[in-house]
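Below: one structure, written as structure tokens.
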Amino acid sequence: MATIDAETSADAEEGKVFTASGGDWADIAEEATTLGEERIVVNMGPQHPSTHGVLRLILEIDGETVTEARCGIGYLHTGIEKNMEFRTWTQGVTFCTRMDYLSPLYQEAAYCLGVEKLLGITDDIPERASIIRVLLMELNRVSSHLVALATGGMEIGALTVMTVGFREREVVLHLLELITGLRMNHAFIRPGGLAQDLPPGAIDRIREDIPVLRKGISELEKLNNENPIVKGRLQDVGYLDLTGCMALGITGPVLRSTGFPHDLRKTEPYCGYETYDFDVQTWDSCDAYGRLRIRINEMKESLKLVEQCLDRLQQMGPGPVMIGDKKIAWPAQLAIGGDGMGNSLDHIKEIMGTSMEALIHHFKLVTEGFRVPAGQVYQAIESPRGELAVHLVSDGGTRPYRAHFRDPSFHNLQAMAAMSEGGQIADVIVAVASIDPVMGGVDR
Amino acid sequence: MTDGIDDPAELSVNTPAAEVVTTRHGMFGNRDSGDTSGFGGLTRSVALPAPTPRPYGGWFDSVADVLAEALRNQNTDPDAAIESVVVDRGEITFHIRREYIRAVAQVLRDEPDLRFEMFSGVSGVHYPDAKGRELRAVYHLTSITHTRRVRLEVAAPDADRHIPSIVPVYPSADWHERETWDFFGLIFDGHPALTRIQMPDDWPGHPQRKDYPLGGIPVEYKGATIPPPDTRRSYN
């Protein structure tokens, strides 16, 4: 923890020194005079193992009590939204999947649902594609919540919680790797459907791993739920009641920890969520402990949803996973060849050997992309951290004119001050962990 | 699939005109040298969806009515506050004159039949060729009570980039307005501390603006440079 204690060292030589960053000078000077006391400003992060990534917390402390808390963000800003303006609508998936690195499939899904809404093809997405999207998203919710618990545990010194959490997350990541080919940054959900269908044996493999995950989650429950140290550290810490949540626009587990069952999967369903059987998990304690319990219970609900997806996929049998409109659908399907995964040989044979029109079509769609009628849409989905939304503006071209992501971590992190001020400095860690911000998403 | 509206005159005289934000010429981003592709003569107007005449359909009409009535009760002329209403792709957008944005937000939040209690974010859009309306702030509001969403769009000229802040109404607009200032240079008057949030404090310029200079990449081949992305060939 780096302490900026400019007053003590500099005071001796130059008299009273105030270090300021932002705000009006007159206000700072006035504030300093009225306080007339030494204030210690602790700069926690941006390189600190307990701040959940490159988050900088600026804490004004009086002994062990935090009197004022502010966040400094932007250390992981990579200009993803700007980059997306210079790539086709399909290529945009590859960028937005890299924002919040713990929930890549949610960004892909939100973005693709937005593009589909702009194209007016929401109802034309094959059912199989929607089911696999739900399957992927719910698996991703489990892996994301496992990291939330793991890092949250690590930050309060519960290292076994961390090892168990990351061990179980690896089970999910293996499944995601089996389906999409990558552990993260999948770029698997595409405008119009999916990059490809589930590989052979995937359904059985997921079925085998669900009991493994259930066992791991119950291990986490045994470690956490009635653990007196966990309860001592988490209960009544990071308190934010419903009024505070509504004023600050907080969504996700933090809002649900006030007992309010708000979940976009229920209120504004997408991808057919209204047809699945699951419960919105709430807790009524408004504190970090409630959010921990909600995350554990949501993982169990997610596994129930995964099972329902698998049942449906088995019942419906094979089918398309990409929209039928050939002006939007990616022209080639992937297949395993002699040198690994690539364009299917049949497709290459067709475009190179038999149909010049197919070759032109493939070339135009891949290099130029499809055009999206001018207009703007807002599409929100329930990510593990709350309302993840995309605001897309099209100028009628082949690239987004503007793509903006309303990231739940970015929005919810604004509640850090309300949760931490007046509490102990050690509780700041717990409060931030209970928001579960992912800086990749906050800074984009 | 439609390709935007090629000629604004095609729209019938009875419907309000779509807002043409820019006109593009040629193709492949070719600006100065001779174009041998044959596409050089192309002209394309980029028109945003036109204002929608009544009825809007669904709950949109009742929200528009209640909003107008509530504004009148606050001694605000709804016709002065609301420039136009666009219903597009199942979403409603109120174009609000900037001096009224705080009053409109207040009414949307507090009126029991509106109750847009949750602020979902503001993002900027930059249309460099839309004279006098270059910069837009686009607000998204959510009503959990009624399960509804509305969008408010506020335009500001680049020469006078001021929009009243709605932080007094929605405290959670704080970081979103800072982000929009950071990326677009929109100044939200009345914001408690409008400082940069993503870029470093001493960063020059506002990177999400369309006129923000982008860098090319020098490559180790006879002093060649990969041009900045906005000057590379493109299909727009």
Side-chain angles (χ1 to χ4, degrees), chain A residues 21-24 71-74 77 79 81-83 85-88 117-120 246-251 260 262 267-268 325 327-328 367-378 380 387 389 391 393 395-399 401-402 404-407 410-411 413-415 442-444, chain B residues 1-5 18 21-22 24 44-49 86 88-91 93 117-127 136 138 140 142 144 147 149 151 153 170-176 179 182-183 193 195-201 207-208 210 212 214 229-230 232 234-236:
Chain A
S21 55
D24 195 336
C71 288
I73 62 168
H77 178 61
E81 291 174 0
K82 183 81 172 174
N83 267 305
E85 293 172 14
F86 298 100
R87 296 283 184 270
T88 66
K117 203 193 245 185
L118 266 176
L119 285 164
M246 293 314 277
L248 292 169
I250 306 300
T251 48
F260 183 50
H262 177 69
T267 56
E268 294 170 60
D325 185 347
K327 292 289 177 197
I328 295 168
T367 59
E368 180 178 349
F370 51 79
R371 286 180 184 272
V372 173
Q376 56 181 336
V377 292
Y378 183 82
E387 177 179 324
H391 174 224
V393 184
D395 64 349
T398 58
R399 310 182 297 192
Y401 189 74
R402 167 97 169 109
H404 173 73
F405 284 81
R406 184 261 191 221
D407 188 87
F410 175 81
H411 193 107
L413 203 49
Q414 295 184 88
V442 173
D443 295 341
R444 284 157 287 139
Chain B
M1 266 164 48
T2 54
D3 193 358
I5 296 159
V21 285
T22 187
R24 302 234 164 89
R44 186 170 74 88
S45 298
V46 176
L48 301 180
V86 177
D88 181 44
R89 296 166 167 99
E91 297 179 357
T93 309
E117 62 276 87
M118 193 166 271
F119 177 83
S120 290
V122 53
S123 71
V125 189
H126 184 210
Y127 300 105
R136 310 289 168 88
V138 185
H140 292 97
T142 309
I144 292 179
T147 322
R149 286 179 192 275
R151 172 162 48 233
E153 187 164 335
Y170 292 108
S172 57
D174 183 348
W175 284 19
H176 293 271
E179 189 185 336
D182 196 355
F183 286 155
T195 51
R196 287 188 183 270
I197 188 163
Q198 302 285 15
M199 307 305 286
D201 288 345
Q208 284 277 3
K210 293 286 178 184
Y212 184 79
L214 300 177
D230 53 343
R232 290 177 207 161
S234 69
Y235 289 92
N236 294 309

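Residue numbers start from 1 in every chain, and the chains themselves are labelled A, B, ... in the order their sequence lines are given, proteins ahead of strands.
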| Top contributor to chain A interface from B:Arg149, B:Glu153, B:Met199 [non-hydrogen pairs under 4.5 Å] | B:Arg149
| So what's closer than 4.5 Å to chain A heavy atoms on B:Val86: side chain, backbone, both or neither? | neither
| said: Give me the atom names and distance for the closest heavy-atom approach of A:Tyr401 to B:Lys210. | reply: O-NZ, 2.8 Å
| Does any non-hydrogen side-chain atom of A:Phe86 lie less than 4.5 Å from one of B:Leu214? | yes
| request: Give the minimum heavy-atom separation between B:Thr93 and A:Gln376, together with the two atoms involved. | output: CG2-NE2, 4.1 Å
| message | Would the distance check show the side chain of B:Gln208 and the main-chain N or O of A:Gly79 forming a donor-acceptor pair, the cut-off being under 3.5 Å? | response | no
| message | With a 4.5 Å cut-off on side-chain heavy atoms, are B:Tyr127 and A:Val393 touching? | response | yes
| request: Count the heavy-atom pairs under 4.5 Å between each of A:Leu248, A:Ile250, A:Leu118, A:Thr267 and chain B, then report the option with the highest count. | output: A:Leu118
| For A:Val377, is it the side chain, the backbone, both, or neither that has a heavy atom closer than 4.5 Å to a heavy atom of chain B? | both
| query | Where does B:Thr22 contact chain A at under 4.5 Å (heavy atoms): side chain, backbone, both or neither? | reply | neither
| note | Whatever's closer than 4.5 Å to a heavy atom in chain A on B:His176 counts as both
| note | Ranking B:Pro200, B:Ala173, B:Gly124 by heavy-atom pairs under 4.5 Å to chain A gives rank one to B:Gly124
| request: Under 4.5 Å heavy-atom distance to chain A, tell me which part of B:Ile197 shows up: side chain, backbone, both or neither. | output: both
| task | Could you pull out all residues at least two apart from B:Asp88 that satisfy salt bridge (Lys or Arg N to Asp or Glu O under 4.0 Å)? | result | none
| So which part of A:Glu85 gets closer than 4.5 Å to some heavy atom of chain B, the side chain, the backbone, both or neither? | side chain
| task | Determine the interplanar angle of the B:His140 and A:His391 rings, folded into 0 to 90°, and report it as parallel if under 30°, tilted if 30 to 60°, perpendicular if over 60°. | result | perpendicular
| field | Most chain B-contacting option - heavy-atom pairs closer than 4.5 Å, from A:Gly369, A:Gly249, A:Gly72 | value | A:Gly249
| said: Taking the six-membered ring of B:Phe183 as reference, does the cationic atom of A:Lys82 (NZ for Lys, CZ for Arg) lie under 6.0 Å from its centre and within 45° of its axis? | reply: no
| field | Engaged part of A:Phe410 at the chain B interface, taking heavy atoms whose separation is under 4.5 Å | value | both
| note | The reported gap from CE in A:Met246 to CZ in B:Phe119 (rounded to nearest 0.5 angstrom) is 14.0 Å
| task | Compare every heavy atom of B:Arg89 with every heavy atom of A:Gly375, then report the nearest pair and how far apart it is. | result | CA-NH1, 3.5 Å
| message | With heavy-atom distances below 4.5 Å as the criterion, would you say the side chains of A:Phe260 and B:Ile144 are in contact? | response | yes
| task | Identify the two heavy atoms, one from B:Thr147 and one from A:Glu268, that lie closest to each other, and give their separation to 0.1 Å. | result | CG2-CG, 3.9 Å
| query | Which atoms of B:Glu117 come close to chain A, meaning under 4.5 Å heavy atom to heavy atom: side chain ones, backbone ones, both, or neither? | reply | both
| request: Flag the one option from B:Gly90, B:Gly121, B:Pro171 with the top tally of heavy-atom pairs under 4.5 Å to chain A. | output: B:Pro171
| remark: Under 4.5 Å to a heavy atom of chain B? For A:Thr251 that would be side chain
| remark: So, the part of B:Pro207 with a heavy atom under 4.5 Å from chain A: the answer is backbone
| Among B:Val122, B:Asp182, B:Val138, residue most engaged with chain A (heavy-atom pairs, under 4.5 Å) | B:Val138
| request: Taking salt bridge (Lys or Arg N to Asp or Glu O under 4.0 Å) as the test, write out the residues that go with A:Arg444, two or more places apart. | output: A:Glu81, B:Glu179
| query | Side chain, backbone, both or neither: which part of A:Leu413 has an atom under 4.5 Å from a heavy atom of chain B? | reply | both
| field | Under 4.5 Å from a heavy atom of chain B, the part of A:Glu387 involved | value | side chain
| note | Of all heavy-atom pairs linking A:His411 and B:Ser172, the shortest is NE2-CB, 3.4 Å
| query | Can you tell which of A:Arg406, A:Glu368, A:His77 has the highest number of heavy-atom pairs within less than 4.5 Å of chain B? | reply | A:Glu368
| task | Measure distances from B:Arg196 to the heavy atoms of chain A and classify the residue's part below 4.5 Å as side chain, backbone, both or neither. | result | neither
| message | Using a 3.5 Å distance criterion without hydrogens, assess whether the side chain of A:Arg402 forms a donor-acceptor pair with backbone atoms of B:His126. | response | no
